[in-house]
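Contents: one structure, followed by commentary.
One-based numbering, in listed order, for ligands and for the atoms of each.
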Amino acid sequence: MPLDPARLLAAPPRVRTLTWSPRDVLLYHLGVGAPPSRPHWTLESRLRVLPSFAVVAGGQDVLSALDIPGAESVDRTQVLHGTQELILHRPLPAEGSARARTAVTDVHDKGSAAVLGFRTEAADAEGPLWTARRLLFARGAGGFGGARGPALPRPPRPEGPPAAVHRVPLREDAALLYRLSGDMNPLHADPAEAARAGFPRPVLQGLCTYGTALRVLVDTLLDGRPEPVRRYAARFSGVVFPGETLELTVWRTGEREARAEAVVPDTGRLVLADAVLEWEA
Ligand SMILES: CCCCCCC[C@@H](O)CC(=O)SCCNC(=O)CCNC(=O)[C@H](O)C(C)(C)COP(=O)(O)OP(=O)(O)OC[C@H]1O[C@@H](n2cnc3c(N)ncnc32)[C@H](O)[C@@H]1OP(=O)(O)O
């Protein structure tokens, strides 16, 4: 049975209560490579919360993302994370409980692939906390006769020299450490699953690359203060393997805005594209 856009879009939103503690935040920060020299990520007494923690808070189960009516035919081994956007309505507390509501927003037929969009709204007793939007790229799930949908915006590279270029080595076990925070997809841990998905070895979670880049951006642009971050978005343009080094290039594009991209310099592969970070004073 092919993918059924009408059923997917009509599926009731998934509602979950998410609770987290400083231990979860500390583990997440290690998963995105926080070094011992940055105690605001690694010590409970000085802890600040990297905004991208929102995507794992409360152990959000990425594997169940496609357990919805209409997506039965999608081969889970072929699904790649395509884009991620986070809008922070307030700084995240180190300990919290929130109600998160996730709905399917887009079902696009790209020929051989399908692109599925999801939107999560999370709020606690004090009001909205974050909005997350993501696109999943389901290889082999296209051709169901649906609308192609819009092309992803590909803004031109910022003009002028970058403000900074950071080399960010990734741990060999980065994917194994990161998965303890929430993304237990075997694609990131099991060589046999990676081979089934067409990769020579397990690939890094897109959200690990996303969080790693944000950590570096917050440390270098905001002096390690995540509280002003309001929006962070990026496209996953190529796979990353644990143990590789990322080269993160950053442009200042406004008083409170930066753009960034990451390549794996050994291969020249662009892996994180069109990243944008916006913050307030
Ligand atoms: C079990 C269920 C689990 C569900 C959750 C899983 C979450 C995680 O565990 C999984 C992961 O973390 S996977 C790792 C992170 N992601 C990646 O590594 C993907 C890297 N990107 C790629 O490989 C390619 O860009 C690729 C393959 C994404 C696209 O490359 P191409 O095929 O060359 O695409 P292209 O020809 O450029 O474009 C075709 C159409 O697709 C749209 N598109 C392109 N890149 C996209 C992207 N990143 N996200 C969403 N849509 C994208 C294009 O706009 C194009 O559409 P159109 O033809 O209409 O313009």
Side-chain angles (χ1 to χ4, degrees), residues 3 8 14 31-32 52 55-56 59-68 70-85 102 104-120 132-144 146-155 170 174-190 193-213 233-242 244 246 261-264 267-276:
L3 198 139
L8 274 165
R14 177 190 296 260
V32 296
S52 50
V55 298
V56 300
Q60 289 164 70
D61 178 10
V62 67
L63 285 174
S64 63
L66 293 172
D67 290 346
I68 37 177
E72 296 82 359
S73 62
V74 174
D75 179 349
R76 285 11 185 195
T77 65
Q78 300 301 313
V79 178
L80 299 174
H81 202 150
T83 68
Q84 183 69 47
E85 177 184 31
T102 300
V104 179
T105 53
D106 307 272
V107 183
H108 297 146
D109 188 342
K110 299 296 184 183
S112 66
V115 169
L116 306 178
F118 298 84
R119 177 189 173 106
T120 299
R133 292 195 197 97
R134 73 175 46 156
L135 293 178
L136 298 182
F137 192 94
R139 297 174 296 167
F144 53 88
R148 191 166 187 97
L152 279 185
R154 304 252 171 124
L170 301 167
L176 301 180
L177 190 52
Y178 185 87
R179 73 198 296 264
L180 301 178
S181 284
D183 187 347
M184 300 293 277
N185 188 345
L187 169 65
H188 310 299
D190 181 347
E193 281 290 320
R196 260 194 289 281
F199 299 111
R201 59 193 177 98
V203 308
L204 193 64
Q205 294 87 350
L207 290 176
C208 181
T209 307
Y210 181 79
T212 301
R235 172 166 61 90
F236 303 111
S237 52
V239 291
V240 177
F241 295 98
E244 289 188 317
L246 300 178
E261 68 179 30
V263 299
V264 174
T267 60
R269 200 164 70 247
L270 179 67
V271 291
L272 192 74
D274 308 327
V276 58

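Side-chain atoms of Arg179 never come within 3.5 Å of backbone atoms of Pro186 as a donor-acceptor pair (strictly under, hydrogens ignored). Although no hydrogens or angles enter the test, the distance criterion places a donor-acceptor pair under 3.5 Å between the side chain of Asp109 and the main chain of Gly143. Looking at Thr77, its side chain never comes within 3.5 Å of a backbone N or O of Ala197 through a donor-acceptor pair. Although no hydrogens or angles enter the test, the distance criterion places no donor-acceptor pair under 3.5 Å between the side chain of Arg134 and the main chain of Thr120. At distances below 3.5 Å, not a single donor-acceptor pair connects side-chain atoms of Gln84 with backbone N or O atoms of Leu207.
Inclusion of Lys110 in the set of residues having an N or O under 3.5 Å from an N or O of ligand 1 is warranted. In terms of N/O distances under 3.5 Å, ligand 1 is not approached by Leu80. Of the N or O atoms in Asn185, one or more lie within a sub-3.5 Å distance of an N or O in ligand 1. In terms of polar-atom proximity, defined here as any N/O pair under 3.5 Å, Arg148 does make such a contact with ligand 1. At a 3.5 angstrom cut-off on N or O pairs, Phe137 does not count as close to ligand 1. Residue Arg139 has no N or O atom closer than 3.5 Å to an N or O atom of ligand 1. For the pair Gly206 and ligand 1, the shortest N or O to N or O distance falls below 3.5 Å. For Val62, no nitrogen or oxygen atom sits less than 3.5 Å from a nitrogen or oxygen atom of ligand 1, counting backbone and side chain alike.
When all heavy atoms are compared, the tightest approach of Arg201 to Phe241 is NH2-CB, 3.2 Å. For Gly31 against Cys208, the heavy-atom pair with the smallest separation is O-SG, 3.3 Å. The shortest heavy-atom contact between Ser237 and Leu272 is OG-N, 3.6 Å. When all heavy atoms of Leu176 and Leu180 are compared, the closest pair comes out as O-CG, 3.6 Å.
Looking at atom 2 (C) of ligand 1, its nearest protein heavy atom turns out to be Leu66 CD1, 3.8 Å. At the top of the distance list for atom 48 (N) of ligand 1, counting protein heavy atoms only, stands Gly82 O, 2.9 Å. In terms of protein heavy-atom proximity, atom 18 (O) of ligand 1 is closest to Val239 CG1, 3.2 Å. Considering only non-hydrogen protein atoms, atom 44 (C) of ligand 1 sits nearest to Arg154 NH2, 3.5 Å. At the shortest separation from atom 21 (N) of ligand 1 among protein heavy atoms lies Phe236 O, 3.0 Å. With hydrogens left out, the protein atom closest to atom 17 (C) of ligand 1 is His81 O, 3.8 Å, a heavy atom.
Of the candidates Ser237, Ala151, Pro150, Ala151 brings a heavy atom nearest to atom 60 (O) of ligand 1. Evaluated by nearest non-hydrogen atom to atom 47 (C) of ligand 1, the leading choice among Asp183, Leu152, Val271 is Leu152.
Contacts between Arg179 and ligand 1, counted as non-hydrogen atom pairs separated by less than 4.0 Å, are absent for every part of the residue.
For atom 30 (O) of ligand 1, the protein comes within 4.0 Å by no heavy atom at all. Within a 4.0 Å radius of atom 38 (O) of ligand 1, the protein contributes no heavy atom. Note that atom 57 (P) of ligand 1 has protein non-hydrogen atoms nearby, at separations under 4.0 angstrom.
A salt bridge links Asp67 to Arg76: one of the charged nitrogens lies within less than 4.0 Å of a carboxylate oxygen.
Which parts of ligand 1 touch Gln205 is read off a 4.0 Å heavy-atom cut-off, strictly below it: atoms 12 (O). Each of the following atoms of ligand 1 lies closer than 4.0 Å to a heavy atom of Val79: 4 (C). Close approach of ligand 1 to Thr83 (heavy-atom distance below 4.0 Å) involves ligand atoms 49 (N).
Pro150 is listed as a side-chain neighbour of His108, based on a closest heavy-atom distance under 4.5 Å.
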- Task: Take Leu80 and Leu136, measure what side-chain contact (heavy atoms from CB on, under 4.5 Å) needs, and give me the verdict at the end.
- Result: CA-CA 6 Å; Leu80 299 174; Leu136 298 182; over 6 Å; no

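Tested against Leu116, the residues Val79, Leu135, Leu66, Val104 include a single side-chain contact (heavy atoms from CB on, under 4.5 Å) partner, Leu66.
Ligand 1 has at least one atom lying under 4.0 Å from a heavy atom of His188. Put simply, part of Leu204 is less than 4.0 Å from ligand 1, judged by heavy atoms.
Taking CD of Gln205 as the reference point, atom CG of Asp183 lies at 5.0 Å (rounded to 0.5 Å).
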